[in-house]
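These notes are about the structure you will find just below.
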Amino acid sequence: MYDVKTNYTVTTTFDRYINSLTVNGETYTNVVITKDVTNSISTIDIVLPFRTFTLNLTKKGDVMIEENYWADGKGLIKYINNINIAFDRTTQVGAQLPANDTSLTSIDELVP
């Protein structure tokens, strides 16, 4: 059994303003949109008597991008979450990992 190591960073930034947005039938004005971006890579170490191999399980990149919609006086009213995981199928030892890339998008409108 091998331990999976995941190194990641999360960055939150202001993205833009929009004049209005309707969520669950209610219209909000002066909506602020922020982005949370998670960049990561997952690896495992295989220790042999003569050498240690570090194998990348995933490609380094932005695995999750979330857009958050904030209404003045209300808080978070909507978010869109995109998850994209790209597996690194070719290893340093020439083996092919049997994994398919994964993508998922969820859009959630919060109840006012």
Side-chain angles (χ1 to χ4, degrees):
M1 181 174 276
Y2 299 98
D3 293 330
V4 175
K5 297 177 190 173
T6 301
N7 294 314
Y8 66 93
T9 58
V10 178
T11 306
T12 301
T13 57
F14 165 79
D15 189 41
R16 65 190 181 278
Y17 288 105
I18 56 176
N19 291 332
S20 66
L21 178 68
T22 301
V23 174
N24 289 325
E26 188 169 339
T27 300
Y28 301 92
T29 58
N30 301 318
V31 176
V32 173
I33 302 172
T34 60
K35 272 193 181 176
D36 298 331
V37 178
T38 303
N39 184 285
S40 75
I41 186 168
S42 294
T43 62
I44 59 171
D45 289 332
I46 298 177
V47 180
L48 301 174
F50 56 91
R51 184 173 176 191
T52 298
F53 292 95
T54 298
L55 303 179
N56 295 338
L57 296 177
T58 62
K59 295 178 181 177
K60 183 170 177 55
D62 296 339
V63 296
M64 185 172 71
I65 299 173
E66 183 174 273
E67 285 187 333
N68 301 295
Y69 295 75
W70 303 89
D72 188 33
K74 186 68 173 178
L76 184 65
I77 58 171
K78 177 180 177 176
Y79 64 90
I80 300 172
N81 191 354
N82 292 297
I83 298 173
N84 294 295
I85 300 172
F87 290 97
D88 192 347
R89 291 181 194 84
T90 305
T91 68
Q92 292 110 326
V93 293
Q96 293 287 321
L97 298 177
N100 294 321
D101 293 347
T102 301
S103 295
L104 171 69
T105 299
S106 67
I107 300 173
D108 292 299
E109 296 183 350
L110 306 176
V111 176

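- Summarising the geometry, atom NZ belonging to Lys78 is positioned 10.0 Å from atom OG1 belonging to Thr22; distances are rounded to the nearest 0.5 Å.
- In the hydrophobic clustering of ILVMFWY residues, with side-chain heavy atoms under 4.5 Å counting as a link, Ile18 and Val23 come out together.
- Placement of Tyr28 and Ile107 within a single hydrophobic cluster is found when ILVMFWY residues are connected by side-chain heavy-atom separations under 4.5 Å, directly or transitively.
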Distance-only donor-acceptor pairs under 3.5 Å for side chains of residues 6-14, two or more places apart:
unit_1: Thr6; atom_1: OG1; unit_2: Ser42; atom_2: OG; d: 2.9
unit_1: Thr12; atom_1: OG1; unit_2: Asp36; atom_2: OD1; d: 2.7

Report task. List the steps and the verdict of side chain to side chain contact (heavy atoms under 4.5 Å, CB included) for Asp45 and Lys5. Result -> CA-CA 9 Å; Asp45 289 332; Lys5 297 177 190 173; 2.5 Å; yes
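- Under the side chain to side chain contact (heavy atoms under 4.5 Å, CB included) criterion, Ile44 pairs with Tyr2, Val4, Ile46, Leu55, Leu57, not counting sequence neighbours.
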Requested in this report: Quick one: do Asp72 and Asn30 satisfy side-chain hydrogen bond (donor to acceptor under 3.5 Å, both in side chains)? Show the steps, please.
Outcome: CA-CA 7 Å; Asp72 188 33; Asn30 301 318; over 6 Å; no
For residues 80-87, run the donor-acceptor check on the side chains, cut-off 3.5 Å, and write out each pair with its distance to 0.1 Å, sequence neighbours left out.
unit_1: Asn82; atom_1: OD1; unit_2: Thr105; atom_2: OG1; d: 2.6
unit_1: Asn84; atom_1: OD1; unit_2: Ser103; atom_2: OG; d: 2.7

Query - Worked verdict on Trp70 versus Thr34 for side chain to side chain contact (heavy atoms under 4.5 Å, CB included) - result: CA-CA 8 Å; Trp70 303 89; Thr34 60; 3.0 Å; yes
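- Counting heavy atoms from C-beta on, the side chains of Ile33 and Asn68 never come closer than 4.5 Å.
- With sequence neighbours left out, Ser40 forms a side chain to side chain donor-acceptor pair (under 3.5 Å) with no residue at all.
- Neither side chain, Asn56 nor Thr43, offers a donor N or O lying under 3.5 Å from an acceptor on the other.
- Sorted by first and then second residue, the salt bridge (charged side-chain N to carboxylate O under 4.0 Å, His left out) pairs with a member in residues 6-17 read Arg16-Glu67; sequence neighbours excluded.
- Val31 places none of its side-chain heavy atoms less than 4.5 Å from the side chain of Tyr17.
- Applying the side chain to side chain donor-acceptor pair (under 3.5 Å) rule to Asp108 yields the partners Tyr79; only residues at least two apart in sequence or on another chain are considered.
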